[in-house]
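These notes concern the structure reproduced below.
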Amino acid sequence: MPLSIKTFISLSLIVIFLTPLASNAEDITRRYRTLEERRDAGQKHELAEWLYLSPLIELEYIRQTLKPYNLDYSTTTENSKTLQLDIELIPTDNFTAQIVYEYDDVLNKFLLDEALIEIELDDFKLEAGKLYLPFGEYYSRFVTGPLLEFGETRGRSIIASYEPDDHFEAALYVFKSKKEHITFNNNALDWGFSINFSPMESVTTGLSYLSDLAESDEQLLDENILYQQRVDAI
């Protein structure tokens, strides 16, 4: 069967980036702990002094066997895969613009995952655009998140954060509401915060808050439902 153009391009991307990925495997397979580290987890390729392209390929296979009480065994399998392309523009030391595309294997096309600008001044950082909020994410070496993970939220947001060192980070954010409330429209603003402390590389503890769980990507409400009360999450 002849290869389609999309398949050929995808295979070409893998071939182009596979060799440098393998040669730097020890560096790029590190566990990322934050949203920024996830965007930068792929191997960077310098296209110009101010322009970088970072591919990230993740594959995971899960096989699960359950034996409910007084019932037969049931076995399920699941494949998780991610192909992410991160385009990073760094015109100055304090200003960065990033566009992140991810391949959706269900829709069979690339989708805009994040698009943001970042301004950094000493220990303070301001991010704005379409991005993931620092809530409900627990990163590890696995592609899929743990059972504890819930409430992943992405939206048009402004995030102000403070990170004096590699062990502590605090962030406060506001984002545009996507759901229709019975007393306010979807132009309203929601908010949240997060505090994380890492005494060592393998240990992280933190607290995060989201003002409205209905805004998360979990799709907890039907699109046509007008709800009466926000349900916050911590």
**Report entry** Derivation and outcome, salt bridge (charged side-chain N to carboxylate O under 4.0 Å, His left out), residues Asp72 and Lys67
**Finding:** CA-CA 6 Å; Asp72 294 333; Lys67 175 63 170 69; over 6 Å; no
Query - Candidate pair Tyr101 and Leu111, rule side-chain contact (heavy atoms from CB on, under 4.5 Å), full reasoning - result: CA-CA 6 Å; Tyr101 281 95; Leu111 300 176; 6.0 Å; no
Query - Side-chain heavy-atom pair Thr153, Tyr132 within 4.5 angstrom cut-off - result: no
Query - Check: Glu118 and Asn94 side chains under 4.5 Å, non-hydrogen atoms - result: no
**Report entry** Test item: Leu89 and Thr96 side chains (from C-beta on) under 4.5 Å apart, heavy atoms
**Finding:** no
Query - Crowding at OH, Tyr61 (>12 non-hydrogen neighbours, <6.0 Å) - result: yes
Report summary line: One should read off an interatomic distance between Ser208 OG and Phe193 CZ, to the nearest 0.5 angstrom, of 8.0 Å
Query raised in the report: Are Leu116 and Phe135 connected in the hydrophobic side-chain network, where two residues link if heavy atoms are under 4.5 Å apart?
Result: yes
Report summary line: CD (Glu215) and CG (Asp232) are apart, to the nearest 0.5 Å, by 13.0 Å
Report summary line: Here the pair of heavy atoms bringing Leu210 nearest to Leu213 is CD2-CA, 4.1 Å
**Report entry** Under 3.5 Å: donor-acceptor pair, side chain of Ser211, backbone of Trp191
**Finding:** yes
Query raised in the report: Atom OG1 of Thr76 and atom CG of Leu66: how far apart are they, to the nearest 0.5 Å?
Result: 6.0 Å
Report task. Please indicate whether Asp165 has more than 12 foreign heavy atoms, meaning atoms of other residues, nucleotides or ligands, lying under 6.0 Å from its CG. Result -> yes
Requested in this report: Decide yes or no for Leu112 and Glu114: does some side-chain heavy atom of the first lie under 4.5 Å from some side-chain heavy atom of the second?
Outcome: no
Requested in this report: Among Lys130, Gln84, Arg154, find the one that has a side chain to side chain donor-acceptor pair (under 3.5 Å) with Asp113.
Outcome: Arg154
Requested in this report: Apply side-chain contact (heavy atoms from CB on, under 4.5 Å) to the pair Arg63 and Thr75, showing each step before the final yes or no.
Outcome: CA-CA 7 Å; Arg63 180 182 177 88; Thr75 301; 3.6 Å; yes
Requested in this report: Using modelled atom types only, decide if a donor and an acceptor are shared between the side chain of Asp212 and the backbone of Ala214 within a distance under 3.5 Å.
Outcome: yes
Query raised in the report: Got Asp86 and Leu56 here, is their nearest side-chain heavy-atom distance under 4.5 Å?
Result: no
Query - Spacing of Asp166 atom CG and Glu163 atom CD [to the nearest 0.5 Å] - result: 6.5 Å
Query raised in the report: So Leu172 and Ile159, side-chain contact (heavy atoms from CB on, under 4.5 Å) or not? Walk me through it.
Result: CA-CA 6 Å; Leu172 178 66; Ile159 303 176; over 6 Å; no
Requested in this report: Run the ring-centre check on Phe168 versus Phe197 and record whether the distance is less than 6.0 Å.
Outcome: no
Query raised in the report: So, do Ile117 and Glu127 sit near enough that their side-chain heavy atoms are less than 4.5 Å apart?
Result: no
Query - Check: Leu51 main-chain N/O paired with Glu46 side-chain donor or acceptor under 3.5 Å - result: no
Query raised in the report: Between Ser157 and Val174, is there a donor-acceptor pair closer than 3.5 Å when you use the side chain of the first and the backbone of the second?
Result: yes
Query raised in the report: Cluster question for you: counting only ILVMFWY and a side-chain heavy-atom cut-off of under 4.5 Å, with indirect links fine, are Phe124 and Ile195 together?
Result: yes
**Report entry** Interatomic distance, Asn196 atom CG to His167 atom NE2 [nearest 0.5 angstrom]
**Finding:** 13.5 Å
Report task. Measure across Asp190 and Ser177 and return the closest heavy-atom pair with its distance rounded to 0.1 Å. Result -> OD2-CB, 3.5 Å
Query raised in the report: Would Leu85 and Ile99 show up in the same hydrophobic cluster when neighbours are defined by side-chain heavy atoms closer than 4.5 Å?
Result: yes
Requested in this report: Go through the steps for Ile158 and Tyr173 under the test side-chain contact (heavy atoms from CB on, under 4.5 Å), then give the verdict.
Outcome: CA-CA 6 Å; Ile158 297 176; Tyr173 56 88; over 6 Å; no
Requested in this report: Before giving the answer on salt bridge (charged side-chain N to carboxylate O under 4.0 Å, His left out), spell out for Glu88 and Lys44 the whole-Å C-alpha distance, their side-chain angles and the decisive distance to 0.1 Å.
Outcome: CA-CA 9 Å; Glu88 187 174 8; Lys44 280 191 176 183; 2.9 Å; yes
Query raised in the report: Is there a side-chain contact between Phe175 and Leu189 (heavy atoms, below 4.5 Å)?
Result: no
Query raised in the report: From His45 NE2 over to Ser54 OG, what is the distance, rounded to the nearest 0.5 angstrom?
Result: 7.5 Å
Query raised in the report: Taking side chain as C-beta onward, heavy atoms only, is Glu169 less than 4.5 Å from Ser161?
Result: yes
